[in-house]
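First comes the structure, then the notes that go with it.
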Amino acid sequence: MNIYYLKKFRKAAKKEFKIRFVDNKYFIMKYNYHNDEWESIIYSNNDYATNNLYIAKLTLAHERRRYILDLVKEMREFKENKKLAKL
């Protein structure tokens, strides 16, 4: 994948995921464009919240990486379909 797209996807991931500190807990939040609001990421029927900032940062990095890989996969599929359409 081109470096241009990786930089573009990193910027998108930084806008998409944030850490919020509410009631002495750190929440990993994802922006929902349909409702124009921030939503907490849900793991096993509970909102993901922790008292440890280090764990929150690790989880944030993990979620951003997963988001970037999904965007890269979609871009590759789009380009392959575009090439097949030309045939």
Side-chain angles (χ1 to χ4, degrees):
M1 181 58 45
N2 195 341
I3 299 274
Y4 167 77
Y5 288 111
L6 290 178
K7 286 183 179 179
K8 180 180 174 183
F9 295 153
R10 280 188 202 124
K11 287 180 183 178
K14 284 183 180 179
K15 291 179 183 176
E16 191 81 18
F17 294 95
K18 303 255 184 208
I19 295 177
R20 291 261 170 119
F21 184 71
V22 179
D23 296 330
N24 295 325
K25 291 187 179 181
Y26 297 98
F27 289 89
I28 308 299
M29 308 292 280
K30 182 177 182 200
Y31 190 71
N32 184 351
Y33 290 101
H34 298 292
N35 297 335
D36 289 333
E37 62 184 21
W38 288 92
E39 295 178 350
S40 170
I41 296 176
I42 298 173
Y43 290 108
S44 65
N45 298 330
N46 293 327
D47 291 339
Y48 182 76
T50 182
N51 295 331
N52 193 342
L53 179 60
Y54 178 72
I55 293 174
K57 285 183 179 180
L58 288 177
T59 307
L60 178 68
H62 173 70
E63 291 297 325
R64 284 180 176 170
R65 281 188 212 110
R66 190 169 66 168
Y67 181 72
I68 290 169
L69 290 175
D70 288 342
L71 290 177
V72 168
K73 183 179 176 184
E74 289 176 12
M75 182 60 73
R76 284 184 180 152
E77 291 175 358
F78 174 76
K79 286 187 176 188
E80 287 177 9
N81 290 338
K82 193 174 177 182
K83 286 180 184 177
L84 291 174
K86 288 182 180 179
L87 298 176

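Residue numbers count from 1 along this sequence. No hydrogens, no waters, no symmetry mates; every other heavy atom, side chains included, goes into these values.
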Just by modelled atom types, is the Tyr54 backbone N or O under 3.5 Å from a matching donor or acceptor in the Asn52 side chain? yes
Can you see which heavy atom on Tyr26 is nearest to which on Asn51, and at what distance? CE1-O, 3.6 Å
Between Arg66 and Glu63, is there a side-chain N and carboxylate O pair less than 4.0 Å apart? yes
One should read off an interatomic distance between Ile19 CD1 and Leu53 CG, to the nearest 0.5 angstrom, of 6.0 Å
Can you get from Ile55 to Ile28 by hopping between Ile, Leu, Val, Met, Phe, Trp and Tyr side chains that sit under 4.5 Å apart? yes
Any side-chain heavy atom of Glu16 within less than 4.5 Å of one from Phe9? no
Of all heavy-atom pairs linking Ala13 and Ile68, the shortest is CB-CG1, 4.0 Å
Between the CZ atom in Arg65 and the CZ atom in Phe17, the distance rounded to the nearest 0.5 Å is 12.5 Å
With heavy-atom distances below 4.5 Å as the criterion, would you say the side chains of Phe27 and Thr50 are in contact? no
To the nearest 0.5 Å, tell me how far Glu77 CD sits from Glu74 CD. 7.5 Å
Does a sphere of radius 6.0 Å around CZ in Phe21 hold more than 12 heavy atoms from other residues, nucleotides or ligands, not counting ones at 6.0 Å or beyond? yes
Please give me the minimum heavy-atom distance between Lys15 and Tyr31, naming the atom from each residue. O-CB, 4.5 Å
Do you know which two heavy atoms are closest between Leu60 and Lys18, and how far apart they sit? CD1-N, 3.9 Å
side-chain contact (heavy atoms from CB on, under 4.5 Å) with Tyr67: of Leu69, Asp70, Leu71, only one passes, and it is Leu71
